[in-house]
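Single-structure report; data block below.
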Amino acid sequence: MRFAEQWNWCTVDATRDVTLGIREFRLRPDGGAAPYPPGSHLNVAVLIDGQPARRSYSLVGDRDPHTYRIAVRLAPDSRGGSRAMWNLKPGARIEISSPSSLLEIDWNRQNYCLIAGGIGITPITAIASALHRRNIDLHLHYAVKSRGDAAYLSELSSALGDRLIVHASDEGARLDLDLTFRALPSDAVAIMCGPMRMLETARRAWNDAGRAPADLRYETFGSSGLLPTAEFRVRLKDSGAELVVSPNSSMLDVLNDAGFEVMSDCQRGECGVCAVDVIAVDGAIDHRDVFFSEQQKKDNRKICPCVSRAVGIVTIDTLYRPEAA
Ligand SMILES: Cc1cc2nc3c(=O)[nH]c(=O)nc-3n(C[C@H](O)[C@H](O)[C@H](O)COP(=O)(O)OP(=O)(O)OC[C@H]3O[C@@H](n4cnc5c(N)ncnc54)[C@H](O)[C@@H]3O)c2cc1C
């Protein structure tokens, strides 16, 4: 289940490489660009091996009434969505959804700590710019492997000056979130976008610093997990059905395609709407969500089938009862 989205055609106006592995696309939607809050993303219809799929991309920088700007990292070990994007040339026609935001910004708060890991910088560029324009105090911590991998570095540096702190691991300047959070004023809000491991570190550090959980806001772009992405099996308690989840599909899609209806919303492992009960595990679960706590993941009593996977066989109860449907 997804909320209704509006789709529209657009033309790829221009592309440029902002780093060796990140390509920017300017998209010109038919009928102009819709207004959207900073931190928004849009969905793009892509063809992967001839099959329709969708991928989400955050809108970069300030709003423009005519075009949307997105930046796509070429994912090396992937199903092919980012490669399909990289194959687009200026003049290509693609379908996109209207923008929507998952990152809530409270304009009444006066101190923001922004944290970006790698490609997670994309929504943060727009948020930093909007906060800066409103004279809201902010620092942006940008964690990258090296400065050469940091998209939009010069843009951000000229806008933010010393409020931009780059943490390049090849310079030994790793981001210490414990230190960072402890040094923040008590009313600060943190907004982060980065890989799941970084988010888990941030959540722990935020809690350890005694801060209100709601003041840490985040978005992840999906996770590659801790175990390899391989085929696994799902057994359904009661029905005895056994389904195969291939490396290219999610457990949620396989369950729904087989008629075991599971409600879902974000499909990024953030909202927990799709969580189902785990009855037994023969192998291991690779929890790729950011919804459950570390302890809940260790307990293995529930799984978010939209993103999480397994190695071996996992027996679940979706609580779907056909007679009640
Ligand atoms: C709100 C939002 C905003 C985003 N913004 C951006 C952005 O600004 N820029 C950007 O580059 N990306 C962004 N993304 C990520 C983007 O939507 C795509 O996921 C990304 O381009 C990779 O797509 P892919 O098909 O190439 O890779 P995928 O196949 O989706 O692979 C991505 C990772 O998942 C692992 N994986 C492989 N197979 C599976 C599988 N079956 N199930 C689960 N995981 C698997 C891979 O190991 C890989 O590391 C955003 C995502 C979201 C949700």
Side-chain angles (χ1 to χ4, degrees), residues 2 5 15 17-25 27 36-49 51-61 68-88 96-97 99-104 116-127 149 151-152 191-197 199 217-232 244-254 264-271 285-290 303-311:
R2 304 280 304 163
E5 277 176 320
T15 69
D17 289 351
V18 288
T19 70
L20 271 182
I22 301 177
R23 182 164 294 171
E24 182 186 273
F25 297 80
L27 309 176
Y36 58 86
S40 296
H41 67 278
L42 44 75
N43 297 317
V44 180
V46 289
L47 274 184
I48 304 178
D49 298 330
Q51 296 300 313
R54 50 190 274 167
R55 292 292 184 268
S56 308
Y57 295 103
S58 302
L59 293 158
V60 174
Y68 296 126
R69 195 155 56 120
I70 59 172
V72 180
R73 185 182 78 90
L74 186 61
D77 57 342
S78 91
R79 290 165 287 184
S82 54
R83 168 68 63 196
M85 291 299 298
W86 271 55
N87 286 339
L88 294 173
I96 54 173
S97 72
S100 59
S101 177
L102 304 160
L103 288 166
E104 196 194 326
I119 187 64
I121 193 64
T122 47
I124 300 290
T125 56
I127 295 171
D149 293 327
Y152 303 113
I191 298 184
M192 82 149 281
C193 184
M196 192 167 103
R197 273 174 204 266
L199 175 58
R217 298 168 193 182
Y218 54 81
E219 182 170 86
T220 59
F221 287 174
S223 155
S224 51
L226 302 175
L227 300 174
T229 299
E231 178 181 294
F232 66 100
V244 175
V245 184
S246 75
N248 292 327
S249 31
S250 71
M251 187 170 152
L252 179 72
D253 289 342
V254 169
S264 63
D265 185 17
C266 77
Q267 299 195 13
R268 280 183 310 281
E270 288 173 9
C271 70
I285 291 184
D286 189 10
H287 290 281
R288 298 182 175 191
D289 63 277
V290 290
I303 182 171
C304 285
C306 63
V307 290
S308 294
R309 305 186 64 82
V311 171

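Indexing begins at 1, ligand by ligand and atom by atom, following the structure's order. Here the structure is a predicted model, which means the values were calculated and not measured.
Not one N or O on the side chain of Arg55 forms a donor-acceptor pair closer than 3.5 Å with the backbone of Ser82. Remark: side-chain polar atoms of Thr125 are paired, donor with acceptor, to backbone N or O of Gly61 under 3.5 angstrom.
When the options Gly80, Gly21, Ser56 are ranked by their closest heavy atom to atom 17 (O) of ligand 1, first place goes to Ser56. When the heavy atoms of Leu42, Val307, Thr229 are ranked by distance to atom 36 (N) of ligand 1, first place goes to Thr229.
A heavy-atom distance below 4.5 Å is not found between the side chains of Cys306 and Ser264. Contact annotation: the side chain of Val244 never approaches that of Val254 to less than 4.5 Å [non-hydrogen atoms, C-beta and beyond]. Taking the side chain as every heavy atom from C-beta outward, Leu88 and Thr15 never approach each other to under 4.5 Å. Residues Phe221 and Thr122 are in side-chain contact: their nearest non-hydrogen atoms beyond the backbone lie under 4.5 Å apart. Under the 4.5 Å side-chain criterion, counting only non-hydrogen atoms from C-beta, Ile70 is in contact with Leu59. Within the 4.5 Å cutoff, side-chain heavy atoms of Glu219 are placed close to those of Ser58.
The shortest heavy-atom distance from Ile119 to ligand 1 is under 4.0 Å.
Arg55 NE, 3.3 Å is the protein heavy atom nearest to atom 23 (O) of ligand 1. When hydrogens are left out, the protein atom nearest atom 30 (O) of ligand 1 is Arg79 NH2, 2.7 Å; that is the closest non-hydrogen contact. The protein non-hydrogen atom at the shortest distance from atom 20 (C) of ligand 1 is Tyr57 OH, 3.9 Å. Taking atom 47 (O) of ligand 1 as the reference point, the nearest protein heavy-atom neighbour is Asp77 OD2, 3.0 Å. Shortest contact from atom 41 (N) of ligand 1 to any protein heavy atom: Pro247 O, 2.4 Å. Remark: minimum distance from atom 43 (C) of ligand 1 to any protein heavy atom is reached at Arg288 NH1, 3.7 Å. Given atom 6 (C) of ligand 1, the protein heavy atom at minimum distance is Phe221 CE1, 3.3 Å. For atom 27 (O) of ligand 1, the nearest protein heavy atom (residue, atom name, distance) is Ser78 CB, 2.9 Å.
Contacts of Pro247 classified as side chain to side chain contact (heavy atoms under 4.5 Å, CB included), with partners at least two apart in sequence or in another chain: Thr229, Glu231.
The shortest non-hydrogen separation linking Leu227 to Arg288 is O-NH2, 3.2 Å.
The residue Ala53 has no part lying near ligand 1, judged by heavy-atom distances below 4.0 Å. If you look at Arg268 next to ligand 1, the close heavy atoms, those under 4.0 Å, all belong to the side chain. If you look at Arg309 next to ligand 1, the close heavy atoms, those under 4.0 Å, all belong to the side chain. Under 4.0 angstrom from ligand 1, the non-hydrogen atoms of Ala71 all belong to its backbone.
Here's the thing with Ser58: one of its N/O atoms is less than 3.5 angstrom from an N/O atom of ligand 1. Considering backbone and side-chain N/O of Arg73, one or more are found under 3.5 Å from N/O of ligand 1.
Inside a 4.0 Å radius of atom 32 (C) of ligand 1 there is not any protein heavy atom.
A donor-acceptor contact closer than 3.5 angstrom is absent between the side chains of Tyr218 and Glu270.
Residue-environment remark: CZ (Arg217) exceeds the threshold of 12 foreign heavy atoms within 6.0 Å.
Ligand-side atoms of ligand 1 in range of Val72: 11 (O), range being under 4.0 angstrom from any heavy atom. Shown in contact with Thr122 at under 4.0 Å from a heavy atom are these atoms of ligand 1, numbered in order with element: 7 (C), 8 (O). Shown in contact with Ser82 at under 4.0 Å from a heavy atom are these atoms of ligand 1, numbered in order with element: 21 (O), 23 (O), 24 (P), 25 (O), 26 (O).
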Would Phe25 and Tyr57 count as a side-chain contact (heavy atoms from CB on, under 4.5 Å) if you check the C-alpha gap in whole Å, the side-chain angles of each, and the deciding distance to 0.1 Å? CA-CA 10 Å; Phe25 297 80; Tyr57 295 103; over 6 Å; no
